[in-house]
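Take a look at the structure set out below.
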Amino acid sequence: MSYIKPIKLSAFALLVLAGSASLQAQESTSKNFIKAPLAVVKKAPVSENELKRWSHLDLIKDSIPGMSVDRAYAELLKGKTGKKVIVGIVDSGVDIEHEDLKGMIWTNPKEIPGNGIDDDKNGFIDDIHGWNFLGEAVHENLEMTRVIKKKDDGSAEYKNALAQYNERYDKAIKDKEQVDFLLDVHNTIKKELNKKTYKIEDLSAVTSTDPKVVQCKKIMTQIFTNAGPTFDPEADFEEYREQVYDELNYNLNKEFDGRKVVGDNPEDIKDNHYGNNVVFGPDKEKALHGTHVAGIIAQVRGNNLGGDGVTNNVEILTVRAVPDGDEYDKDIALAIRYAVDNGAKVINGSFGKSFSPHKDWVYEAIKYAAKKDVLIVHAAGNDGYNIDETKNINYPNDSKDNVKEFADNVITIGAINKSYGENVVAGFSNFGKINVDVFAPGEEIYATVPNNKYKYLQGTSMASPNAAGVAALIFSYYPKLKATQVKQILMDSGVALPSKVVLGENPNPDQKPEAVSSVESSRTAKMVNAYNALLMAEKMSKK
């Protein structure tokens with residue numbers, strides 16, 4: 001399932017800037033490395049321009065824990081020319097016609113467009129810009145739903161899936177009650193104001209003494225106050241409604257079969273030539289997630305449209321394999337192999353799930369990518385869980401026992417927000433000192449969405465392509481480095497998290513969550529930093 005984390009309307013995170021915080025100094029391998037100072041004080045609110053590109057800003061210069069991308073371009077890359085790098089986006093599809101992605105899209109040099117012939121003889125006809133393994137499919141079950149749709153075989157997996165399904169279904173019912181209530185509140189205010197879109201300052205015009213209206217005004221004031229400057233009640237409530245209703249109608253609906261339209265046998269890995277070449281799928285709007293991921297990496301820098309990509313020295317190769325629901329292991333395994341075979345140096349995977357019946361197919365694909373020297377950047381997930389615990393395993397992964405890696409070409413990314421301090425790790429982000437490698441910006445990220453639009457989204461889905469963009473930047477300027485080296489650079493060159501951080505969602509908003517040692521957060525307790533990474537790449541490339 002795609003890892004977008006919507007702003008939960010039941011308990012909005014308080015998106016305010018930290019005042020001052022005590023920070024851990026970071027040891028560095030070079031005196032030029034950016035390291036966390038002893039104190040960071042944000043003296044002014046984040047401006048609109050800063051918010052749109054905070055992930056590119058610098059902890060020292062801007063007092064925002066971005067990846068120092070702007071500083072890297074200004075001080076390290078000026079006057080240099082990099083090599084084009086192919087980045088595979090295994091996702092929900094990409095709007096390859098978007099105004100801010102044109103020119104960044106991979107084109108298969110071995111295929112003649114529109115002739116209906118498999119010119120490169122790879123089994124995929126007219127795969128000009130990638131491949132769509134989902135064909136006309138859009139919605140899907142969660143994997144736990146698919147497991148319990150099969151007969152009870154007495155296995156631990158079935159029992160675990162059933163328990164998780166029942167818990168998830170009960171929660172979805174409560175979420176439906178909540179979103180219906182919030183929509184009623186919103187519609188009440190809309191009727192009072194006689195306008196579809198409104199801001200917090202508009203609420204002062206609501207003067208009715210009707211008890212329901214008074215209560216709705218109070219609720220909306222609180223939501224606006226907590227949700228931050230990007231909150232749009234019309235759009236965000238609708239997005240929340242769609243998420244909840246899709247979960248009940250498709251993801252958890254045992255009567256729904258989303259795979260039938262694809263026409264393959266998802267239980268047979270040898271049945272591997274299916275789908276079509278329409279890489280944004282049957283409904284371009286449903287390619288929102290993949291288009292946003294692609295934009296984070298590659299949207300054109302400095303053109304005054306939307307945000308800026310981490311690097312423009314890339315070609316985006318789209319492999320559509322992630323539906324609205326859980327992806328099939330078969331699709332992911334074949335998608336990884338397709339991206340590798342077509343020259344991808346980096347593959348971004350902003351998806352994941354709790355059950356993986358054919359995990360070995362994906363493991364073999366990861367090993368194949370490792371053999372071909374391809375780096376896979378994967379999102380850690382949005383449950384706020386410690387994924388080192390067996391019950392919280394997040395698939396796909398690079399360890400059969402959740403401890404020992406079988407390949408060294410997968411890097412798993414958690415998400416941070418823009419306020420450096422104890423709460424810098426996003427509450428929704430999964431963590432784990434064994435299975436999460438490093439963190440990157442993932443909250444309120446502004447990037448491309450279908451039909452020449454732009455949007456703020458958040459999740460480890462957004463953190464992963466931020467890290468993948470830095471990986472592509474390294475490969476572009478230091479193409480002789482190996483995937484394993486670039487993984488190590490991303491980890492070792494990061495800026496340290498504070499010595500103590502809050503991990504996971506706060507179960508009780510009325511109580512201050514407990515901060516723990518940042519070593520519990522990940523293998524590195526660091527945040528990806530492009531400036532440091534390029535310095536380390538320069539040093540490593542000379543060895």
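One-based numbering along the sequence shown. These numbers come from a predicted model, not from an experiment.
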Handout entry: Modelled atom types, side-chain donor and acceptor of D127 and N277, under 3.5 Å
Key = no
Problem - Under 3.5 Å: donor-acceptor pair, side chain of S522, backbone of V438 - result: no
Practice task
Verify, without hydrogens or angle tests, whether N312 (side chain) and A298 (backbone) share a donor-acceptor contact under 3.5 angstrom.
Solution key: yes
Handout entry: Sidechain N-carboxylate O distance under 4.0 Å for D373, K345
Key = yes
Practice task
Locate the shortest heavy-atom distance separating T448 from G295; write the atom from each residue and the value.
Solution key: OG1-CA, 3.1 Å
Handout entry: Residue K367 excluded, over 12 heavy atoms near NZ under 6.0 Å
Key = yes
Practice task
Indicate yes or no: at least one non-hydrogen side-chain atom of L457 is less than 4.5 angstrom from one of L288.
Solution key: yes
Problem - Minimum side-chain heavy-atom gap Y368-D341 below 4.5 Å - result: yes
Handout entry: Basic-acidic side-chain contact under 4.0 Å: K284, E97
Key = yes
Exercise for the section: May I ask you to say whether K418 pairs ionically with D62, meaning some side-chain N is under 4.0 Å from a carboxylate O? Expected result: no
Practice task
List the steps, then state whether side-chain hydrogen bond (donor to acceptor under 3.5 Å, both in side chains) holds for D329 with Y363.
Solution key: CA-CA 10 Å; D329 293 327; Y363 290 161; over 6 Å; no
Practice task
Can you see which heavy atom on L51 is nearest to which on V46, and at what distance?
Solution key: N-CG1, 3.5 Å
Completion exercise
When every non-hydrogen atom of A333 is compared with those of A365, the smallest separation belongs to O-CB, 3.5 Å
Exercise for the section: For the pair Y454 and Y446, name the ring-plane relationship: parallel under 30°, tilted 30 to 60°, perpendicular over 60°. Expected result: parallel
Exercise for the section: Would you please test Q458 and E444 for side chain to side chain contact (heavy atoms under 4.5 Å, CB included) and show each step? Expected result: CA-CA 5 Å; Q458 59 184 22; E444 287 193 296; 4.0 Å; yes
Practice task
Evaluate the side-chain proximity of N430 to T460: yes if any heavy-atom separation is below 4.5 Å, no if none is.
Solution key: no
Completion exercise
What one should report as the nearest heavy-atom pair of A335 and V90 is CB-CG1, 3.8 Å
Practice task
Heavy atoms only: give me the nearest R320-G93 pair and the separation to one decimal.
Solution key: CG-N, 3.9 Å
Handout entry: Donor on one side chain, acceptor on other, N303 and D100, under 3.5 Å
Key = yes
Practice task
Going by the side-chain contact (heavy atoms from CB on, under 4.5 Å) test, name the single residue among L101, N466, I89, V85 that passes it with I297.
Solution key: I89
Practice task
Check step by step if side chain to side chain contact (heavy atoms under 4.5 Å, CB included) holds for L76 and L535.
Solution key: CA-CA 8 Å; L76 302 178; L535 286 177; 3.9 Å; yes
Problem - Sub-4.5 Å side-chain heavy-atom contact between L375 and I411 - result: yes
Exercise for the section: For D118 and E111, run side chain to side chain contact (heavy atoms under 4.5 Å, CB included): C-alpha distance rounded to whole Å, both residues' side-chain angles, the deciding distance at 0.1 Å, then the answer. Expected result: CA-CA 7 Å; D118 181 16; E111 198 76 24; 4.0 Å; yes
Problem - Contact summary for N397 and N394, nearest pair of heavy atoms - result: CB-O, 3.6 Å
Problem - Test item: K526 side-chain N/O and D492 main-chain N/O as donor-acceptor pair under 3.5 Å - result: yes
Problem - Non-hydrogen side-chain atoms of F439 and S521 separated by less than 4.5 Å - result: yes
Practice task
Write out all pairs satisfying ring-ring contact (aromatic ring centres under 6.0 Å, His included) with one or both partners inside residues 291-343, taking only residues at least two apart or from two chains.
Solution key: F124-Y338
Practice task
Compute the ring centroids of Y395 and H358, then answer whether they are less than 6.0 Å apart.
Solution key: no
Exercise for the section: Give a yes-or-no answer on whether the side chains of T291 and H98 include a donor-acceptor pair shorter than 3.5 Å. Expected result: no
Practice task
For residues E520 and K433, determine if any side-chain heavy atom of one lies less than 4.5 Å from a side-chain heavy atom of the other.
Solution key: yes
Exercise for the section: Might you work through the side chain to side chain contact (heavy atoms under 4.5 Å, CB included) test for V94 and V279, ending with a clear yes or no? Expected result: CA-CA 6 Å; V94 174; V279 293; 5.7 Å; no
Handout entry: Polar contact flag, side-chain donor to acceptor under 3.5 angstrom, D408-T484
Key = no
Exercise for the section: Taking the side chain as every heavy atom from C-beta outward, state whether D70 and H56 have any atom pair closer than 4.5 Å. Expected result: yes
Practice task
State whether the side chain of S541 and the backbone N or O of E538 hold a donor-acceptor pair below 3.5 Å, judged by distance alone.
Solution key: yes
Problem - Criterion side-chain contact (heavy atoms from CB on, under 4.5 Å) against V377, the qualifying member of I347, D437, N348, V87 - result: N348
Handout entry: Donor-acceptor contact present, side-chain W54 to main-chain E443, <3.5 Å
Key = yes
Problem - Under 3.5 Å: donor-acceptor pair, side chain of N532, backbone of I34 - result: yes
Handout entry: Under 3.5 Å: donor-acceptor pair, side chain of D95, backbone of N451
Key = yes
Practice task
Run the salt-bridge test on K353 and E140 with the 4.0 Å N-O cut-off and return the result as yes or no.
Solution key: no
Problem - 4.5 Å side-chain heavy-atom contact, F133 and V319 - result: yes
Problem - Check: N386 main-chain N/O paired with N392 side-chain donor or acceptor under 3.5 Å - result: yes
